[in-house]
Amino acid sequence: MKKNILLSILSGLLLWLAWPPMYYTTVFLFFGLVPMLVAIENIIKSTSTKKGKLIFNITFLGFFIWNVLSIYWVYNALKIVGEVVALPISLIPYCLGPLLMSTTCWLYYRFRLATNRTYGLVALVCFWIAYEYLHQSWDLNFPWMTLGNGFAAAHQWVQWYEYTGVYGGTIWIWLINILLFLIYTGLTEAQTKPVRQKLIISVVAIIVLPLGFSLYRYNTYKEPVNPSNIVVAQPNIDPYAKGGEIPAYQQVATLTKLSDSIAQVNTEFFIWPETAIPDPIDEDHIRTNNYFVQAQRFLNKYKNGNIITGAETYKIYNTRETKTASPMPGTRQFADSFNTAVNIENSAEVQFYHKSKLVPGAESLPFGDALSFLKPVFEHLGGATGTYAGQEKPTELYAQSGIGVAPVVCFESIWGEWVATHVRNGAQFIAIITNDGWWENTSGKDQHLDYAKLRAIETRRWVCRSANTGISAFINERGDIVQQTKWWVRAALKQNINLNTDITFYVAHGDYLPKTASLLAILGILFVLVRIRVKRKPTAVK
């Protein structure tokens, strides 16, 4: 038992050491799961009772260690509610992922009981990918720890994400770990020499071929030449001071000054961070809003210029037109609030994109339909949670010249298919606006930046990233960070990027891998449930 606990802990530590932003230890992903698989095998072959429960508990320990050490910064983001209160709330993201991961291992055990180890391991990969896809699709979404994200710090290794997305990385990691596991267990089993040789050849091929193709693609990839001059601004305003201590007009003035300091006559886009305009704006009357006028006045000298800025916006209705609308105190009207990306140009045209991948709890009420009875409670508390509305489908922002931009607000940048849909609809580059200051100077901000490199590879689009306190950056179509700011400094960056209209295989087909694996996983779960039911059914006495 102690040996299996140590093996699980070892897996958790190896996966953590392999995780971004660490680079030189990325290779640990190729064998980080082997100790966990060995621990599961030890339990299956043991004489212990309740093996399924043991497997669940042992694996949960290792996955919990990996998750907590990798996303410890979640606690920093929640400290605003109080340091003591933040700890139990932090346990939700710390524990939910490991619970789902351990469930996949339990399902593997149950499936293996009815088949054999080979089929069981195939099912394990399907169960795992199905968990990852669930964790990006349901109301408690948090796909931060998707295994394929682990290559974000070593993006040169996974240039083939333009065909598979990050789920191709998940499959790659599992295949290598499973083959190494089979080689290891073969040392104590009656494994023949030819079988061992085939396994060794297979693991070498599965490492070398994708890696070789990726490095070749990285070194030979040429961007289509179609330049556009972009400026990103980093105002470095303390996120805790944005809401009142620093007047909104002063924050906008800081952004215009930063942008003007490096802009040129042909600059086409100025990108400002998430909630750069913190005072709520009525979308139906934005053209008379002082901050809008202040920003548009800045554009007078940049006739082809556009400002893509984050803003707090709202819409007012006479009836409850949407499920997310809340009553306005003292009136018979309702309103939706949005975390918005606004495109401002030298005309009366204004375009809005509402952040749709909302942070569970902080920005949206999970399972809102099922928990709708709680809505009056939160309204009574002043909308303490689930305060933002979103939009069902991604929409793009367009310059007068016709350039299409994928507006990606903060958390949304870890959804490959969502960003790919923007590109499929016509976006020629990606604009990420974010405010990572809540996490303080932790690895969270670095992971978030690294994940943006994967979006560049999947779509073969430049990423222009504006972060309130850092890290702002330009990322080219190979995923290289061409320029970046430092953390917690006031800065602006200028770059000639290349616009692209080509569509990658992944952009065209989206998350086809997890959808296929999820279908297989559902069939596998049904098979397990039927087997359990048949086993429990009493045999008729003849």
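All of these numbers come straight from a predicted model, not from anything done at the bench.
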Answer yes if the side chains of [X] and [Y] hold a donor-acceptor pair under 3.5 Å, and no otherwise.
X    : Y    : value
T442 : N76  : no
E345 : Y398 : no
T421 : E417 : no
N306 : E268 : no
T485 : Q234 : yes
S214 : Q156 : no
Y249 : Q294 : no
N229 : N266 : no
W462 : E223 : yes
N318 : Q333 : yes
Q391 : S356 : no

So, the side chain of [X] versus the backbone of [Y]: is there a donor-acceptor pair under 3.5 Å, distance only?
X    : Y    : answer
E458 : G165 : no
N300 : R297 : yes
S70  : N67  : no
T504 : V507 : yes
E412 : V409 : yes
R424 : I503 : no
R461 : N500 : yes

Report task. May I ask you to say whether E440 pairs ionically with K445, meaning some side-chain N is under 4.0 Å from a carboxylate O? Result -> no

If you compare all heavy atoms of [X] against all heavy atoms of [Y], which two are closest, and at what distance to 0.1 Å?
X    : Y    : answer
P273 : S466 : N-OG, 3.1 Å
L258 : P235 : CD1-CA, 3.7 Å
P93  : I71  : O-CD1, 4.1 Å
D446 : P21  : CB-CB, 3.7 Å
A152 : K453 : O-CE, 2.9 Å

**Report entry** I344: which of I308, I286, V293, L299 passes side chain to side chain contact (heavy atoms under 4.5 Å, CB included)
**Finding:** L299

Query raised in the report: Does R478 count as lying over the ring of Y218, i.e. NZ or CZ under 6.0 Å from the six-ring centre, within 45 degrees of the axis?
Result: yes

Query - Cation-aromatic face contact R460/Y506, 6.0 Å, 45 degrees - result: no

Distance flag, aromatic centroids of [Y] and [X], threshold under 6.0 Å:
X    : Y    : answer
W128 : Y131 : yes
W157 : W172 : no
F151 : H155 : no
F298 : F270 : yes
W19  : W144 : no

Requested in this report: Show your reasoning for whether salt bridge (Lys or Arg N to Asp or Glu O under 4.0 Å) applies to K315 and E321.
Outcome: CA-CA 11 Å; K315 285 183 72 69; E321 293 189 15; over 6 Å; no

Query raised in the report: Under 30°, 30 to 60°, or over 60°: which ring-plane class applies to Y163 and F505, parallel, tilted or perpendicular?
Result: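 Ring orientation of Y163 relative to F505: tilted.
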
Query raised in the report: Taking the six-membered ring for Trp, are W73 and W439 parallel (under 30°), tilted (30 to 60°) or perpendicular (over 60°)?
Result: tilted

Query raised in the report: Could you walk me through whether F269 and F429 pass the ring-ring contact (aromatic ring centres under 6.0 Å, His included) check?
Result: CA-CA 11 Å; F269 286 93; F429 76 91; 5.3 Å; yes

Query raised in the report: So which of E132, K515, Q136 actually passes side chain to side chain donor-acceptor pair (under 3.5 Å) with Y167?
Result: Q136

Query raised in the report: Between N346 and Q296, is a side-chain hydrogen bond (donor to acceptor under 3.5 Å, both in side chains) present by the stated rule, with each step listed?
Result: CA-CA 7 Å; N346 277 303; Q296 198 169 50; 5.7 Å; no

**Report entry** Residues R465, D436; criterion salt bridge (Lys or Arg N to Asp or Glu O under 4.0 Å); working and verdict
**Finding:** CA-CA 12 Å; R465 189 175 196 268; D436 296 345; 2.9 Å; yes

